[in-house]
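Order of the sequence lines sets the chain letters (A, B, ...), proteins ahead of strands, with each chain counted from 1. Because the structure is a prediction, the values reported are computed rather than measured.
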Protein chains: 2
Amino acid sequence: MTTFENVSVEKQANVYFDGKVTSRTINFADGSHKTLGIMQIGLYQFSTHKAELMEILSGQVEVKINGENQWHLFQAGECFNIPANSGFEIHAIALTDYCCTFID
Amino acid sequence: MTTFENVSVEKQANVYFDGKVTSRTINFADGSHKTLGIMQIGLYQFSTHKAELMEILSGQVEVKINGENQWHLFQAGECFNIPANSGFEIHAIALTDYCCTFID
């Protein structure tokens with residue numbers, strides 16, 4: 001799927017780490033939402049409330065989920081899950097375009 | 001207006017200047033489209049095909065439109081027009097969140 005149809009988009013960006021990570025919130029008719037974001041090269045830490053599915057649209061990241069010791073490499077076209085009420089460290093090895101789906 | 005309703009969003013980001021400027025394309029039911037973008041601090045040059053209305057959502061830029069000598073400062077809440085088939089230099093003085101409307 002290359003476009004999201006019949007959605008609403010919040011105009012103002014979500015900005016993290018002084019703009020090194022930014023995203024737009026996309027709201028779907030069924031009440032769910034996703035964010036489409038960009039990570040500049042760098043190392044970041046995020047926490048989660050809902051579970052999340054992170055899809056790498058372009059770029060490359062290494063990810064370590066809270067409580068795990070292993071870093072996992074993900075490239076364009078690959079995705080990973082983060083449990084609810086958890087978090088992850090993410091190292092953007094290249095400029096990375098991602099889609100985050102929040103899971104109820 | 002803080003959200004765009006009943007639109008389609010292209011999943012993949014538009015990436016310029018090695019990711020220092022990125023945007024998402026928003027398509028409207030009437031066939032028009034806008035981009036919602038982020039500029040990292042820096043100096044950039046863009047050319048236009050259609051005329052454009054650039055709205056600064058947050059941040060601060062200086063702009064010089066092709067053929068003009070004067071730089072103009074724009075802040076959050078302000079906007080400026082660029083003619084079709086022209087271009088502009090833009091200096092993002094701060095991380096800048098913008099909305100670009102393409103005008104037929």
* side chain to side chain contact (heavy atoms under 4.5 Å, CB included) evaluation trace for B/Ile38 with A/Ile38 -> CA-CA 9 Å; B/Ile38 294 279; A/Ile38 293 279; over 6 Å; no
Do [X] and [Y] belong together in a cluster built from hydrophobic side chains that touch within less than 4.5 Å?
{"X": "A/Ile65", "Y": "A/Ile103", "result": "no"}
{"X": "A/Leu36", "Y": "B/Phe4", "result": "yes"}
{"X": "B/Phe17", "Y": "B/Ile90", "result": "yes"}
{"X": "B/Met39", "Y": "B/Phe102", "result": "no"}
{"X": "A/Phe46", "Y": "A/Ile82", "result": "yes"}

* Residue part contacting chain A, namely of B/Leu95, when any heavy atom lies under 4.5 Å -> side chain
* **chain B contact via A/Ile26 - which portion, at a heavy-atom distance below 4.5 Å** => side chain
Check every N and O of chain B against chain A and note each donor-acceptor pair under 3.5 Å, with its distance.
unit_1  : atom_1 : unit_2  : atom_2 : d
B/Thr2  : O      : A/Lys11 : N      : 2.8
B/Phe4  : N      : A/Val9  : O      : 2.8
B/Phe4  : O      : A/Val9  : N      : 2.9
B/Asn6  : N      : A/Val7  : O      : 3.0
B/Val7  : N      : A/Val7  : O      : 2.9
B/Val7  : O      : A/Asn6  : N      : 3.1
B/Val7  : O      : A/Val7  : N      : 2.9
B/Val9  : N      : A/Phe4  : O      : 2.9
B/Val9  : O      : A/Phe4  : N      : 2.8
B/Lys11 : N      : A/Thr2  : O      : 2.8
B/Lys11 : NZ     : A/Glu55 : OE1    : 3.1
B/Lys11 : NZ     : A/Glu55 : OE2    : 3.1
B/Gln12 : NE2    : A/Leu57 : O      : 3.3
B/Ala13 : N      : A/Asp97 : OD2    : 2.8
B/Gly19 : O      : A/Gln40 : NE2    : 2.9
B/Arg24 : NH1    : A/Asp97 : OD1    : 2.9
B/Arg24 : NH2    : A/Gly37 : O      : 3.0
B/Arg24 : NH2    : A/Asp97 : OD1    : 2.6
B/Gly37 : O      : A/Arg24 : NH2    : 3.0
B/Gln40 : NE2    : A/Gly19 : O      : 2.9
B/Glu55 : OE1    : A/Lys11 : NZ     : 3.2
B/Glu55 : OE2    : A/Lys11 : NZ     : 3.0
B/Leu57 : O      : A/Gln12 : NE2    : 3.3
B/Asp97 : OD1    : A/Arg24 : NH1    : 2.9
B/Asp97 : OD1    : A/Arg24 : NH2    : 2.6
B/Asp97 : OD2    : A/Ala13 : N      : 2.8

